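Accompanying notes for the structure given below.
Numbered from 1 within each chain, the chains take letters A, B, ... in sequence-line order. Just so it is clear, the model here is predicted, and its values are computed rather than measured.
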There are 2 protein chains.
Amino acid sequence: MKKFIPLLKRTKLFAGVADEEIGAMLTCLDAKMGAYKKGEYVLRQGEHLSHIMVIVEGELHIQRDDYWGNRAIVNRIAVGQTFGEAYVSPESGALLNDVIAVRDSTVIFFDVRKILSVCSAACRFHSMVVQNLFFAISEKNRSLVQKLGHMSKRTTREKLISYLSEEAMRSGSASFTIPFNRQQLADFLSVDRSAMSNELCKMRDEGLLEFDKNQFKLL
Amino acid sequence: MKKFIPLLKRTKLFAGVADEEIGAMLTCLDAKMGAYKKGEYVLRQGEHLSHIMVIVEGELHIQRDDYWGNRAIVNRIAVGQTFGEAYVSPESGALLNDVIAVRDSTVIFFDVRKILSVCSAACRFHSMVVQNLFFAISEKNRSLVQKLGHMSKRTTREKLISYLSEEAMRSGSASFTIPFNRQQLADFLSVDRSAMSNELCKMRDEGLLEFDKNQFKLL
DNA sequence: CTCTTTTTGTTGTAAAAACAACCGACTTGT
DNA sequence: ACAAGTCGGTTGTTTTTACAACAAAAAGAG
């Protein structure tokens, strides 16, 4: 687990915590590691979560499949990001979604109760982690609201424009790469893949944008 | 402001804090009160927020109107609930939505920085409020995910079933009252009002549910 | 109580999306 | 290298939605 300390240091969760402190905290917070193959479930809807997870390798999707096989991708968790902050609260019920590895992934789990309760040991930075956790969930909250902004658009085209504009804004350039393939993007925006593909090509023909695979350019 | 202390005591934010402490904290946290008429804007998209608000009278909608007049209702804030927790983080940018009073409303604002920094005075319960704030945003996070669950449904009917099921679940009964009129519900689910009204009546005719104004019963 | 405004339901039409089926290009594994 | 699988695009059909316009009922104002 130690080899991930430099990476952990750069995460939002451990921002401002010294290297040597992180090592101590791994013990203090009862950190456990898990490895998942591509396509494997990390957590399943209905489970009760007692740990917060930080992803240190790979990529996860928070998603949900309904009875008819429609998949909705709620969110994407990349290296350095966390999942489970929203389930820290004692009143939070069962997990609403599945968490699945979209690539071979490694995850470190931290015991929630140990994070929230003050520890006696060397964790001078404990309270900073609590505040970081707050900022992390705060950021996730804003990202969910932004996603709602895309989903509340009526047409596939508007959803695409809303999403792609955000990605362009985030990357700070009209050219950018999205972290989804077509099917995943369709599941993320909750539209039909073929209809979306069709719409993308129409938009390209109209000169609104260019794309090649996951590389997009807004014009 | 004092008359709201009993109410504040029952909010999630001040859970576990004694009456007399709340009075002290109102000063300590630099609480300010604001009154808003029905239809008035409390906050506007693009503003920068430095306060967390607790609503003590009335009802607010978090919403966004686009260029073409389409309104999307992101969330509803009722008495005792908070808004702005997600904008506490220093990196959080401008407000993504408008906040509007749907009824005459009264709001108490708390200075964010004073909440997050440790105060010297009588606020023994300060750290409890920080944790409560965490739980509040955590709950809001889950509610956003649930809303995404409704919005990710493809048809108006499915969205309605998803939403109404949740409301039934929450009320613990097949009969329940929703906090929206038809137009607001349509804006909340991001569908056309007339189409939704039509769908609701079809579902009633098929024997799926009964309703009278905002009162619904699932069968 | 009466007039006005708001809310809800209804209908028809045009636009858009979902769905299904298929093809070719590209990957991957053996 | 070859077979199997994945991925993105295309097309046609059916279903659903948005939009617009209107009517009836309810709520609210004076």
Item to check | cation_pi(B/Lys140, B/Phe135) dist<6.0 Å, angle<=45 | outcome: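 No cation-pi geometry.
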
Checklist entry - Can you check whether B/Leu26 reaches B/Phe110 side chain to side chain, under 4.5 Å on heavy atoms? => result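 Yes, at least one pair of side-chain atoms sits under 4.5 Å.
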
If you measure only the distance, is there a donor-acceptor pair under 3.5 Å linking the side chains of [X] and [Y]?
{"X": "A/Ser105", "Y": "A/Glu57", "answer": "no"}
{"X": "A/Ser143", "Y": "A/Gln146", "answer": "no"}
{"X": "B/Glu199", "Y": "B/Thr156", "answer": "no"}

Checklist entry - For B/Glu199 and A/Ala195, take the nucleotide of DNA chain D holding the closest heavy atom to each; which residue's nucleotide lies nearer the 5' end? => result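 By nearest-heavy-atom nucleotide position, the 5'-most residue is A/Ala195.
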
Looking for any heavy atom pair under 4.0 Å, which part of the strands does [X] touch: base, sugar-phosphate only, or nothing?
{"X": "A/Lys213", "value": "nothing"}
{"X": "A/Thr155", "value": "sugar-phosphate"}
{"X": "B/Asp192", "value": "base"}

Please determine if [X] and [Y] form a salt bridge, counting it only when a charged side-chain N lies under 4.0 Å from a carboxylate O.
{"X": "A/Glu139", "Y": "A/Lys12", "answer": "yes"}
{"X": "B/Asp104", "Y": "B/Lys38", "answer": "no"}
{"X": "A/Arg170", "Y": "A/Glu166", "answer": "yes"}
{"X": "A/Asp66", "Y": "A/Arg64", "answer": "no"}
{"X": "B/Asp19", "Y": "B/Lys9", "answer": "yes"}

Checklist entry - What do the steps show when you test A/Arg193 against A/Ser197 for side-chain hydrogen bond (donor to acceptor under 3.5 Å, both in side chains), and what is the final call? => result CA-CA 6 Å; A/Arg193 181 197 59 79; A/Ser197 186; 4.8 Å; no

Next on the checklist: Taking the axis from the first five pairs and the axis from the last five, what angle separates them in the helix from C/dC1-D/dG30 to C/dT30-D/dA1, rounded to 10 degrees?
Outcome noted: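 Here the local axes at opposite ends form an angle of 60°.
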
Item to check | Boundaries of the DNA chain D segment in contact with chain A, non-hydrogen, under 4.0 Å | outcome: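 Answer, 5' to 3': D/dC7 to D/dA18.
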
Checklist entry - For B/Lys38 and B/Arg154, take the nucleotide of DNA chain C holding the closest heavy atom to each; which residue's nucleotide lies nearer the 5' end? => result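 Closer to the 5' end of DNA chain C: B/Lys38.
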
Item to check | Heavy-atom contact window of chain A on DNA chain C, given 5' to 3' at under 4.0 Å | outcome: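 With heavy atoms of chain A under 4.0 Å away, the range is C/dA16 to C/dA20.
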
